[in-house]
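Below: one structure, written as structure tokens.
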2 protein chains.
Amino acid sequence: MPETRPQTRRQKVEKKEQAIIAAARVIFQKNGFEKAKIADIAKSSGVAEGTVYTYFENKNALLFAVAVEFYDRLTRDAALGIKDISITYERLQFLARHHLERVSKEWQMLALAMLPDKVSNEYRKTEGYQLNRTYVEVFDTVIREGINRGEIRSDIPLSVVRDIFYGGLEYGARTMRIHASTTDIDQTITHFMEVLKGGIFQQINQQKPQDESLEKMMSRLESATAKLEAIAR
Amino acid sequence: MPETRPQTRRQKVEKKEQAIIAAARVIFQKNGFEKAKIADIAKSSGVAEGTVYTYFENKNALLFAVAVEFYDRLTRDAALGIKDISITYERLQFLARHHLERVSKEWQMLALAMLPDKVSNEYRKTEGYQLNRTYVEVFDTVIREGINRGEIRSDIPLSVVRDIFYGGLEYGARTMRIHASTTDIDQTITHFMEVLKGGIFQQINQQKPQDESLEKMMSRLESATAKLEAIAR
DNA sequence: CAGTATATTTGAATATGTTTCATTTACAAG
DNA sequence: CTTGTAAATGAAACATATTCAAATATACTG
């Protein structure tokens with residue numbers, strides 16, 4: 001038998017790799033990348049220092065592994081979340097909240113992962129870029145669809161919309177972090193979306209005022225209600 | 001005589017301090033903070049390694065000194081630039097271009113200066129925060145005046161406006177850096193301002209008041225729905 | 001101007017951390 | 001049970017930031 005218990009060995013190795021990544025995530029988040037010591041990560045995951053280097057080329061590669069895991073979760077949950085939302089405005093609202101919540105909670109990750117000279121330098125530039133690319137693709141798709149449906153204005157390049165969206169949210173997250181007492185996530189999202197509504201959404205009821213806009217809002221209300229029904233199901 | 005040639009000594013010392021800061025700026029920008037070696041900075045400014053430590057407590061303090069100089073320039077030029085512009089829209093356009101240009105050119109500085117665990121940790125938190133505070137005060141004043149004049153809508157908190165402005169610009173700068181070939185500063189500014197015009201400027205011939213209050217309620221309802229969704233998941 | 005006190009500079013020594021590598025240990029197969 | 005290979009180990013090599021006792025420069029005094 002080439003494999004006694006299928007992959008007993010490989011399983012063990014994989015488990016150990018995960019343990020190291022998990023320990024690294026915790027310690028990176030607690031201390032930041034620089035202050036995090038390989039020695040601590042090793043101890044915390046129950047291996048010797050040298051062992052870490054049989055799994056990861058160096059400290060940066062370890063950070064990268066942590067970042068991959070983070071982005072995977074982030075992307076998966078984003079894609080999942082918009083799955084059964086159909087209205088562009090609500091989709092963006094969900095994505096905004098999702099991003100703000102995650103970034104508020106795990107901002108160290110994002111800061112580290114984005115750092116040009118850490119993860120994404122040299123040979124890793126492409127990989128790091130791709131991670132972010134995949135994540136943002138969820139957003140991009142929502143915008144493109146929104147444009148097709150006539151809900152989003154088509155005269156602003158996608159990249160500008162994206163930068164305002166994620167840039168604004170990242171700074172917003174920092175503001176919330178610094179002024180935790182005076183800012184809350186709901187208010188922030190509400191106002192953020194308010195700006196987007198004027199800035200990137202198609203202005204529908206410019207000419208035809210009352211009836212039609214009321215009708216549209218009614219549809220939105222019905223859609224929201226339907227969603228609640230589905231959840232309460 | 002307590003001082004032969006007034007401050008001959010102090011002058012020398014001050015000049016040396018400036019030389020170290022200047023060398024540090026160059027080397028930080030070239031290599032990034034981590035890879036920059038004190039030894040190199042010392043050599044480049046013509047002193048011994050130990051001398052650097054008689055001028056700056058440690059590497060972080062040196063970075064901070066460089067950041068102070070950077071922010072001073074940034075703030076001064078921003079304040080100067082809007083001095084003889086009176087229209088809010090044009091003022092913001094100037095600030096946007098100014099910021100984008102500087103950040104594009106010296107992005108390493110901003111990245112370093114903003115890094116929470118570098119300049120602005122611990123005892124320096126306050127100082128670092130103040131630097132940035134002074135800079136954005138220029139922006140804040142423009143917005144406040146714009147609100148007073150009725151040019152800017154008053155229902156979005158200043159902090160949200162500010163985060164979208166600078167967050168969007170910072171991300172925009174990165175996009176320009178990565179896709180230098182396909183993005184140019186004029187286009188970026190144009191589209192950026194276009195979004196702001198719809199998002200934060202007062203709309204002249206918008207909807208009827210009644211409509212608007214309905215719209216507001218609608219947003220509140222949607223926001224509540226999103227919250228329920230989040231809880232239900 | 002020589003002598004002295006003080007400020008400044010120096011670079012070798014120290015401290016702290018990452019990374020390497022020769023050995024050892026654990027595993028799977030015959 | 002033996003052996004070849006994969007994985008793990010931790011002591012040593014290496015790289016840097018930081019310290020500090022000694023050396024040097026400067027200003028001041030009589």
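Per chain, numbering begins at 1; letters A, B, ... match sequence-line order. Treat the numbers as computed from the prediction; the structure is a model and nothing was measured.
- Applying a 4.0 Å cut-off to non-hydrogen atoms, the residues of residues 37-45 of chain A that approach DNA chain C are A/K37, A/I38, listed by residue number.
- Of the residues B/Y166, B/F165, B/Y171, the one that meets the ring-ring contact (aromatic ring centres under 6.0 Å, His included) test with B/F192 is B/F165.
- For the pair B/Y55 and C/dT9, the criterion of a side-chain N or O lying under 4.0 Å from OP1 or OP2 is met.
- Considering CD1 of A/I152 and CD1 of A/I143, their distance stands at 4.5 Å, rounded to 0.5 Å.
- Phosphate proximity of C/dT8 to B/K16: absent, as no side-chain N or O sits under 4.0 Å from OP1 or OP2.
- Proximity note for A/T51 (side chain, C-beta onward) versus D/dA17, C/dA26, D/dA8: the nearest is D/dA8.
- Rounded to an integer number of Å, the gap from B/Q11 CD to D/dT26 P is 14 Å.
- Rounding to the nearest 0.5 Å places OH of A/Y71 at 11.5 Å from CZ of A/R133.
- The main-chain N or O of A/E34 is found under 3.5 Å from a side-chain atom of A/K59 such that the two form a donor-acceptor pair.
- Neither OP1 nor OP2 of D/dA7 sits under 4.0 Å from any side-chain N or O of A/T54.
- Position along DNA chain C of the nearest nucleotide to A/G50 versus B/G46 favours B/G46 as the more 5'-ward residue.
- The listed nucleotides are D/dT9, D/dT19, D/dA7; the one nearest the side chain of B/Y53 is D/dT19.
- Protein atom CG of A/N60 is 13 Å distant from nucleotide atom C1' of C/dT19, rounded to whole Å.
- Rounded to an integer number of Å, the gap from A/F33 CZ to C/dT18 P is 9 Å.
- When rounded to the nearest whole Å, the span between CG of B/N58 and P of C/dT16 equals 15 Å.
- Atom CG of residue B/D163 and atom CG of residue A/L169 lie 9.5 Å apart, to the nearest 0.5 angstrom.
- In this structure, the CD atom of A/E14 is 14 Å from the C1' atom of D/dA7, given to the nearest Å.
- For A/K12 and C/dC27, the shortest distance from a side-chain N or O to OP1 or OP2 is below 4.0 Å.
- With rounding to whole Å, A/E34 atom CD is found 13 Å from D/dT16 atom C1'.
- B/I27 places its CD1 atom 11 Å from the P atom of D/dA17, with the value rounded to the nearest Å.
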Side chains of residues 135-142 of chain B: which donor-acceptor pairs under 3.5 Å do they make with residues two or more places apart or in other chains?
{"unit_1": "B/Y135", "atom_1": "OH", "unit_2": "B/H99", "atom_2": "ND1", "d": "2.7"}
{"unit_1": "B/E137", "atom_1": "OE2", "unit_2": "B/R144", "atom_2": "NH1", "d": "3.3"}
{"unit_1": "B/D140", "atom_1": "OD1", "unit_2": "B/R162", "atom_2": "NE", "d": "2.9"}
{"unit_1": "B/D140", "atom_1": "OD2", "unit_2": "B/R162", "atom_2": "NE", "d": "3.4"}
{"unit_1": "B/D140", "atom_1": "OD2", "unit_2": "B/R162", "atom_2": "NH2", "d": "2.9"}
{"unit_1": "B/T141", "atom_1": "OG1", "unit_2": "B/E137", "atom_2": "O", "d": "2.9"}

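- Heavy atoms from other residues, nucleotides or ligands lying under 6.0 Å from CD of B/E145 number more than 12.
- Across D/dT18, C/dT8, C/dT20, the shortest atom-to-atom separation from the side chain of B/E49 is found for D/dT18.
- Between the NZ atom of A/K15 and the P atom of D/dA8 there is a distance of 12 Å, given to the nearest Å.
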